[in-house]
2 protein chains.
Amino acid sequence: MQKPTVNDIARVAGVSLATVDRVLNARPGVRSVTIERVNRAIAELGYVRDTAAANLARRRLYRLVFILPETANEFVLALERDIASQAETLLHQRTTLEKRSVLPFDPQAIVAALDALDPETIDGVAVFGPETPSVRDGVKRARARGIAVVALVSDLPSSDRDHFVGIDNMAAGRTAARLMGRFVRRAGRILVITGSRLARDHLERRTGFDALMSSEYPDLKVVASIEGRDDPELIRRMLPDVFAAYPDLVGIYSSAAGNPGLVQFLEETGPYPDLVVIAHELTPGSRAALTSGTFDAIISQDTGHLVRSATRLLRATADRAPFDVTQERIRIDIYLKENMPQQGEET
Amino acid sequence: MQKPTVNDIARVAGVSLATVDRVLNARPGVRSVTIERVNRAIAELGYVRDTAAANLARRRLYRLVFILPETANEFVLALERDIASQAETLLHQRTTLEKRSVLPFDPQAIVAALDALDPETIDGVAVFGPETPSVRDGVKRARARGIAVVALVSDLPSSDRDHFVGIDNMAAGRTAARLMGRFVRRAGRILVITGSRLARDHLERRTGFDALMSSEYPDLKVVASIEGRDDPELIRRMLPDVFAAYPDLVGIYSSAAGNPGLVQFLEETGPYPDLVVIAHELTPGSRAALTSGTFDAIISQDTGHLVRSATRLLRATADRAPFDVTQERIRIDIYLKENMPQQGEET
DNA sequence: TTGAAAGCGATACCAG
DNA sequence: CTGGTATCGCTTTCAA
């Protein structure tokens with residue numbers, strides 16, 4: 001009892017291979033009676049196409065592009081490194097990954113990059129950027145041209161993208177709040193460092209954090225947040241004033257990038273044994289801060305998983321093929337010093 | 001500039017396709033001069049075999065077996081469900097997964113299952129069981145017969161298995177200890193519920209937990225643990241005595257299975273607002289306990305990931321092919337109510 | 001509208 | 001030892 005093939009369908013339906021293929025791929029030029037006959041055979045045999053063989057015959061190539069902000073922050077660097085390493089592996093799976101960097105916090109740059117995508121040479125694109133009206137329209141245009149689009153890290157729901165690859169940032173913010181509430185040992189104030197007002201992921205984290213904080217930990221007051229624009233130097237310079245203004249600071253939630261500035265400030269002016277610090281993304285810098293005790297916890301998302309998931313979804317979308325939902329869900333990882341993966345793992 | 005194929009090698013080396021294949025697959029009957037010539041061509045062209053095409057031609061089937069304890073605990077059930085669901089997907093990728101249940105806590109049953117594996121019909125096996133001398137030897141014999149073996153969930157290092165698919169349980173124990181130390185708000189005693197002395201994973205968790213607890217939280221005393229044998233009913237019956245003996249109980253670390261018994265006891269005799277409870281594995285039951293507040297945190301490992309990773313490693317081992325280390329590392333997941341994945345995700 | 005036949009990249013059998 | 005060739009499951013001309 002073998003798995004049925006196109007040949008079996010052809011035999012059972014009493015037609016040729018070519019006709020079976022036409023029906024299978026919804027190509028024109030087949031009488032509806034014939035289509036019906038073939039479909040009956042397919043159903044009867046329980047046929048499922050062998051994608052590997054199909055791609056071989058088709059010499060199908062998947063050409064995928066990642067549009068990322070051009071910045072030196074470690075999270076984006078990790079993403080780039082994982083794209084590069086996946087690219088090597090995928091080369092042998094008829095897939096090419098290409099990274100295109102655009103000016104950060106610049107919607108127009110993203111739109112330009114999107115509009116430059118030619119459906120003749122590109123099958124899909126993963127976009128990491130702010131949800132502005134122009135970006136939204138750029139995504140819509142790309143999809144209209146037949147290019148598969150997934151939003152990466154920060155969702156673009158209004159753009160009608162094919163998928164979102166990233167964590168539920170509202171839940172991530174709530175998670176940070178819960179950890180903060182349980183870790184902090186006395187009443188006081190909490191500082192939130194955000195990135196950009198344009199970034200949907202930052203906003204969602206902030207919203208989730210504030211909501212849980214105010215409803216469940218009334219002893220902890222979240223003060224007006226500072227907008228660090230993912231810039232370590234800017235953050236470092238803003239902190240002294242905050243510390244001066246709030247002597248009863250008991251916690252810091254760094255919800256965006258720019259952690260090095262925070263770490264530098266804390267380690268130069270500290271230690272602050274009672275200050276609970278929670279940040280995002282496991283990177284060499286945040287890992288070191290966790291090890292040294294400067295950070296108490298990290299909320300993270302696996303960059304390797306993000307890249308693999310984005311490529312799988314882009315390919316599946318391009319092929320109109322199904323995919324495994326559970327495999328594509330990106331987890332909200334919590335890392336303490338104790339459960340950090342070994343450094344080597346992400347090199 | 002296309003990717004080079006066997007034909008290119010044949011052309012460049014001036015030999016036939018058949019000879020190229022012999023060299024590629026290290027088959028006998030080729031003069032070393034010829035081998036050398038072919039290898040030069042391969043290196044020169046930077047050839048990499050197209051696995052999809054190779055598998056197609058070879059009509060290669062991967063027949064894999066999972067040996068699991070026959071028990072109703074939710075973690076094993078989740079594993080079984082994920083094996084079944086993966087089996088369906090993998091059917092179209094020339095791979096069959098089969099589950100074989102054996103008596104729990106019975107090394108001989110595992111050995112019998114291992115010895116029954118015929119290399120003619122089975123390519124690889126994933127074993128979830130205790131590390132006893134007999135199991136160790138059974139694994140060695142299976143490998144000697146040419147069957148790929150991975151240890152699942154609980155490592156079998158002495159058996160020289162091909163890979164371990166699971167978390168670092170020592171680190172998991174330390175993680176639980178850290179959470180316990182940070183969540184508990186006053187001095188008191190901590191109860192650890194273990195499973196079986198035979199289970200290496202349980203032992204490692206216990207060791208890691210105790211070590212960090214005693215070195216960093218001297219105010220919290222870990223009392224002699226109870227061995228629940230993953231049996232909810234047994235656990236439920238043992239708890240009253242423990243609670244009676246230690247009125248200053250401030251935390252419980254349930255390091256193995258049998259959580260339903262713990263939950264039932266706590267919900268029937270509770271609530272215990274100040275008792276911190278940390279358990280293992282996200283399942284419908286533990287998820288509910290987390291939601292209701294009976295559990296404070298869950299340490300987990302993704303069963304879907306375990307199954308996918310085991311099958312990838314088994315196939316790679318059978319093919320002597322390389323694999324992506326970072327993708328196979330199983331994370332120690334920490335779940336709070338806030339970052340639990342949606343229920344639907346693991347259905 | 002339909003079919004015959006030639007690949008895709010690799011393997012394997014049968015000769016020589 | 002080495003080469004020719006059919007084949008794997010599917011796609012894609014080219015004719016009919």
Side-chain angles (χ1 to χ4, degrees), chain A residues 1-39 41-42 45-62 90-95 315 318-321, chain B residues 1-39 41-42 45-62 90-95 315 318-321:
Chain A
M1 185 57 184
Q2 286 291 351
K3 235 181 46 175
T5 73
V6 274
N7 292 290
D8 299 317
I9 301 177
R11 192 170 28 73
V12 172
V15 299
S16 77
L17 265 179
T19 299
V20 172
D21 180 69
R22 291 190 183 99
V23 175
L24 238 31
N25 295 290
R27 275 184 259 273
V30 187
R31 272 185 312 167
S32 55
V33 217
T34 316
I35 296 186
E36 184 44 42
R37 199 136 46 95
V38 172
N39 278 137
I42 292 178
L45 294 172
Y47 170 83
V48 186
R49 169 207 258 100
D50 181 327
T51 326
N55 284 341
L56 173 59
R58 211 188 301 228
R59 268 177 295 181
R60 171 71 149 112
L61 289 183
Y62 299 88
L90 290 172
L91 202 52
H92 313 309
Q93 289 173 53
R94 304 165 197 293
T95 304
R315 290 201 294 186
D319 287 346
R320 291 173 182 69
Chain B
M1 183 54 184
Q2 285 291 351
K3 234 181 46 175
T5 74
V6 274
N7 292 288
D8 299 319
I9 301 176
R11 190 170 30 70
V12 172
V15 299
S16 77
L17 262 179
T19 298
V20 173
D21 179 67
R22 291 189 184 98
V23 175
L24 238 32
N25 295 291
R27 273 185 260 274
V30 187
R31 272 186 311 167
S32 55
V33 218
T34 315
I35 296 186
E36 185 43 44
R37 197 135 48 94
V38 173
N39 279 136
I42 292 177
L45 294 171
Y47 169 84
V48 186
R49 169 205 262 96
D50 181 325
T51 326
N55 283 342
L56 173 59
R58 210 190 301 229
R59 267 177 296 180
R60 173 70 150 113
L61 288 183
Y62 300 88
L90 290 172
L91 202 53
H92 312 310
Q93 290 174 50
R94 305 165 198 292
T95 303
R315 289 201 294 188
D319 287 345
R320 292 176 182 66

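Just so it is clear, the values below take in all heavy atoms, side chains as well, and ignore hydrogens, waters and symmetry mates. By convention in this document, chain letters (A, B, ...) are assigned in the order of the sequence lines, proteins followed by strands, and residues within each chain are numbered from 1.
- Following rounding to the nearest Å, Asp8(A) (CG) and dC8(D) (P) show an atom-to-atom distance of 11 Å.
- Note that CD1 of Ile9(B) is 6.5 Å distant from CG of Leu45(B), once rounded to the nearest 0.5 Å.
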Please tabulate, for side-chain N and O atoms in residues 51-59 of chain A, each donor-acceptor pair with protein atoms closer than 3.5 Å (sequence neighbours left out).
{"from": "Asn55(A)", "atom 1": "ND2", "to": "Tyr62(A)", "atom 2": "OH", "distance (Å)": "3.4"}

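- Considering Val15(A), Thr34(A), Val30(A), Ile42(A) as possible partners of Val20(A), the one that fulfils the side chain to side chain contact (heavy atoms under 4.5 Å, CB included) test is Val15(A).
- For the side-chain hydrogen bond (donor to acceptor under 3.5 Å, both in side chains) test, residues two or more places apart in sequence or in another chain that qualify with Thr95(A) are Arg315(A).
- Applying the 4.0 Å criterion to OP1 and OP2 of dG4(D), one finds that Ser16(B) has every side-chain N and O outside that range.
- Contact annotation for Val20(A): no contact, since no heavy-atom pair falls under 4.0 Å across all strands.
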Which protein N or O atoms sit under 3.5 Å from an N or O of nucleotides 9-13 of chain C?
{"from": "dG9(C)", "atom 1": "N2", "to": "Ala53(B)", "atom 2": "O", "distance (Å)": "3.2"}
{"from": "dA10(C)", "atom 1": "OP1", "to": "Tyr47(B)", "atom 2": "OH", "distance (Å)": "2.6"}
{"from": "dA10(C)", "atom 1": "OP1", "to": "Asp50(B)", "atom 2": "N", "distance (Å)": "2.9"}
{"from": "dA10(C)", "atom 1": "OP2", "to": "Val6(B)", "atom 2": "N", "distance (Å)": "2.6"}
{"from": "dA10(C)", "atom 1": "O5'", "to": "Tyr47(B)", "atom 2": "OH", "distance (Å)": "3.4"}
{"from": "dT11(C)", "atom 1": "OP1", "to": "Arg49(B)", "atom 2": "NE", "distance (Å)": "3.0"}
{"from": "dT11(C)", "atom 1": "OP1", "to": "Arg49(B)", "atom 2": "NH2", "distance (Å)": "3.2"}
{"from": "dT11(C)", "atom 1": "OP1", "to": "Arg58(B)", "atom 2": "NH2", "distance (Å)": "3.3"}
{"from": "dT11(C)", "atom 1": "OP2", "to": "Asp21(B)", "atom 2": "OD1", "distance (Å)": "2.8"}
{"from": "dT11(C)", "atom 1": "OP2", "to": "Asn25(B)", "atom 2": "ND2", "distance (Å)": "3.4"}
{"from": "dT11(C)", "atom 1": "O5'", "to": "Asp21(B)", "atom 2": "OD1", "distance (Å)": "3.3"}
{"from": "dA12(C)", "atom 1": "OP2", "to": "Arg27(B)", "atom 2": "NH1", "distance (Å)": "2.9"}
{"from": "dA12(C)", "atom 1": "OP2", "to": "Arg27(B)", "atom 2": "NH2", "distance (Å)": "3.1"}

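- Direction change of the helix axis from one end of the helix from dT1(C)-dA16(D) to dG16(C)-dC1(D) to the other is 40°, with five pairs defining each end axis (rounded to 10°).
- Counting heavy atoms from C-beta outward, Arg94(B) and Lys3(A) have side chains that stay 4.5 Å or more apart.
- We find that CG of Leu45(A) is positioned 12 Å from P of dC10(D), with the value rounded to whole Å.
- Taking atom CG on Leu61(B) and atom C1' on dC8(D), their separation rounds to 12 Å, with Å as the unit.
- Near-neighbour residues of DNA chain D inside residues 31-38 of chain B, defined by a heavy atom below 4.0 Å, number-ordered: Arg31(B), Thr34(B).
- How far CG of Leu24(A) is from OG1 of Thr19(A): 11.5 Å, rounded to the nearest 0.5 Å.
- Thr5(B) has its side chain out of reach of Asp50(B): every pair of non-hydrogen atoms, C-beta onward, lies at least 4.5 Å apart.
- Panel note: side chain Arg22(B), backbone Arg27(B); no donor-acceptor pair is recorded below 3.5 Å.
- Nearest heavy atoms, Ala41(B) versus Val12(B): CB-CG1, 3.8 Å.
- With sequence neighbours excluded, the residues satisfying side-chain hydrogen bond (donor to acceptor under 3.5 Å, both in side chains) with Asn25(B) are Asp21(B), Arg49(B).
- Rounded to the nearest 0.5 angstrom, Gln93(B) CD and Leu90(B) CG are separated by 5.5 Å.
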